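One structure is given below, encoded as structure tokens.
Numbering of ligands and ligand atoms starts at 1, following listing order. Because the structure is predicted, anything quoted here is derived from the model rather than measured.
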Amino acid sequence: MHNVVFVLGPPGSGKGTICAKIQENLGYVHLSAGDLLRAERQREGSEFGALIEQHIRNGSIVPVEITCALLENAMNNSGDAKGFLVDGFPRNEDNLQGWNKQMTGKALVQFVLFLSCPVPICIQRCLNRGQGRTDDNEESLKKRVETYNHQTFPIIEHFEKNGLVREVKSERSVEEIYADVVEVFNQTAKV
Ligand SMILES: Nc1ncnc2c1ncn2[C@@H]1O[C@H](COP(=O)(O)OP(=O)(O)OP(=O)(O)O)[C@@H](O)[C@H]1O
Ligand SMILES: O=c1ccn([C@@H]2O[C@H](COP(=O)(O)O)[C@@H](O)[C@H]2O)c(=O)[nH]1
Ligand SMILES: [Mg+2]
């Protein structure tokens with residue numbers, strides 16, 4: 001059984017940055033769904049490359065069968081891990097249902113780390129990121145935020161109703177955020 005922490009929040013809220021620190025210090029393996037999709041998009045021979053790029057540019061959500069298969073493969077190929085930080089997934093109802101269908105009995109969701117941050121700050125962070133992402137532009141960001149507000153936030157609310165959400169405000173320095181994140185892990189997960 002894989003231990004899983006879902007890490008959610010608006011685009012640019014700092015999910016990848018904080019997950020890297022948790023992986024370094026707390027022994028969880030970081031799996032960014034977006035990174036896995038970008039790698040699949042680049043993989044020679046992938047039948048999904050064009051479809052994934054279209055969704056990424058539009059800020060829309062790739063069908064769950066593709067994303068969940070990438071996540072499960074990555075977990076199975078990671079060897080022994082205390083747990084997995086599943087960053088940026090599930091993003092919508094389709095993702096949640098697909099995960100439950102495919103992973104029930106194989107993964108245990110310990111909690112959901114919700115990095116909350118005002119959208120204008122998140123947008124500015126993405127525009128300054130400088131990694132050459134095809135979706136870090138004003139037009140794609142508008143769509144990504146719309147998708148977050150209408151599809152992803154309701155999933156966070158769903159987990160909140162089940163008592164699984166641990167919110168950490170991420171409009172602060174990385175050090176301040178990380179200190180609170182460590183508290184959350186100490187209280188909730190077996191570290
Ligand atoms: N607390 C912070 N304060 C200032 N800048 C930050 C902070 N956390 C992350 N950043 C910067 O903001 C940008 C986005 O961070 P990051 O990639 O971690 O966010 P993300 O939530 O994974 O974004 P996305 O959803 O687009 O993948 C990066 O350039 C990162 O260096
Ligand atoms: O579960 C997922 C995760 C991501 N996507 C698509 O990728 C981009 C970028 O994701 P980041 O988390 O910002 O790296 C996202 O806008 C979606 O288009 C997805 O479809 N499903
Ligand atoms: Mg990210």
Counting from 1 in the order shown, the ligand 2 atoms closer than 4.0 Å to a non-hydrogen atom of G88 are 1 (O), 2 (C), 3 (C)
Are any of the N/O atoms on S60, whether in the backbone or the side chain, positioned under 3.5 angstrom from an N/O atom of ligand 2?
yes
Does ligand 1 have an atom that lies less than 4.0 angstrom from a heavy atom of G34?
no
Give me the nearest non-hydrogen protein atom to atom 27 (O) of ligand 1 as residue plus atom name, then the distance to 0.1 Å.
R133 NH1, 3.1 Å
P11 heavy atom under 4.0 Å from ligand 1
yes
Atom 11 (C) of ligand 1 [closest protein heavy-atom partner, distance rounded to 0.1 Å]:
R125 CD, 4.3 Å
Within 4.0 Å of some non-hydrogen atom of I177, the atoms of ligand 1 are 1 (N)
Heavy-atom distances under 4.0 Å decide this one: backbone, side chain, both or neither, for D135 against ligand 2?
side chain
Suppose we measure from atom 26 (O) of ligand 1 to each protein heavy atom; which comes out shortest, and what is that distance?
R144 NH2, 2.7 Å
Give yes or no for whether the N/O distance cutoff of 3.5 Å, strictly under, is met between R133 and ligand 2.
yes
Under 3.5 Å between any N/O of T17 and any N/O of ligand 1: does that happen in this structure?
yes
Verify salt bridge (Lys or Arg N to Asp or Glu O under 4.0 Å) between E146 and K143, making sure each step is shown before the conclusion.
CA-CA 5 Å; E146 214 170 276; K143 295 175 183 168; over 6 Å; no
Atoms of ligand 2, numbered as shown, that sit under 4.0 Å from any heavy atom of T67
1 (O)
Are I156 and V165 packed together at the side-chain level, in the sense that at least one heavy-atom pair is separated by less than 4.5 angstrom?
yes
Which of the numbered atoms in ligand 1 are under 4.0 angstrom from any heavy atom belonging to G16?
18 (O), 20 (P), 22 (O)
Taking distance alone, with no angle check, do R91 and ligand 2 share an N/O pair under 3.5 Å?
yes
Of all protein heavy atoms, the one nearest atom 25 (O) of ligand 1 is K15 NZ, 2.7 Å
Quick one: does C117's side chain get under 4.5 Å of R125's, heavy atoms only?
yes
Is there a heavy atom of E171 sitting under 4.0 angstrom from any atom of ligand 1?
no
With a cutoff of 4.0 Å, is G88 in contact with ligand 1, counting heavy atoms of the residue only?
no
Contacting atoms of ligand 2, where contact means under 4.0 angstrom from a heavy atom of N95
1 (O)
Can you check salt bridge (Lys or Arg N to Asp or Glu O under 4.0 Å) on E167 and K169, steps first, answer last?
CA-CA 7 Å; E167 179 177 353; K169 292 187 190 306; 3.7 Å; yes
Do any nitrogen or oxygen atoms of A33 lie less than 3.5 angstrom from nitrogen or oxygen atoms of ligand 2?
no
Indicate yes or no: at least one non-hydrogen side-chain atom of D87 is less than 4.5 angstrom from one of L31.
no
May I ask you to check whether F84 and Y28 place their ring centers less than 6.0 Å from one another?
no
Please could you name the atoms of ligand 2 that H55 approaches to less than 4.0 Å, counting only its heavy atoms?
18 (O)
Ranked by distance from atom 17 (O) of ligand 1, the top protein heavy atom is R129 NH1, 2.8 Å
Check each atom of ligand 1 against the heavy atoms of R172 and keep those under 4.0 Å away; list them by number with element.
1 (N), 2 (C), 3 (N)
Please write down residue, atom name and distance for the protein heavy atom closest to atom 23 (O) of ligand 1.
G12 N, 3.0 Å
Q131 touching ligand 1 at heavy-atom level, < 4.0 angstrom:
no
If I apply the N/O under 3.5 Å rule, does R38 come out as touching ligand 2?
yes
V64 and Q97, any side-chain heavy atoms less than 4.5 Å apart
no
In terms of residue, atom name and distance, what is the protein heavy atom nearest to atom 19 (O) of ligand 1?
G14 N, 3.2 Å
Is there a ring pair (Phe, Tyr, Trp, His ring centres under 6.0 Å) between F185 and F111 once you walk through the steps?
CA-CA 9 Å; F185 273 80; F111 62 95; 5.1 Å; yes
Which is closest to atom 20 (O) of ligand 2 in terms of heavy atoms, V145, N92, V62, T152?
V62
Quick one: which ligand 2 atoms are inside 4.0 Å of a heavy atom on L37?
2 (C), 3 (C), 4 (C), 5 (N), 6 (C), 19 (C), 20 (O), 21 (N)
Do Q151 and R91 have side-chain heavy atoms sitting under 4.5 Å apart?
no
Heavy atoms, side chains only, cut-off 4.5 Å: are I22 and L113 in contact?
yes
So for ligand 1, is R38 a polar contact partner (N or O within less than 3.5 Å, distance only)?
no
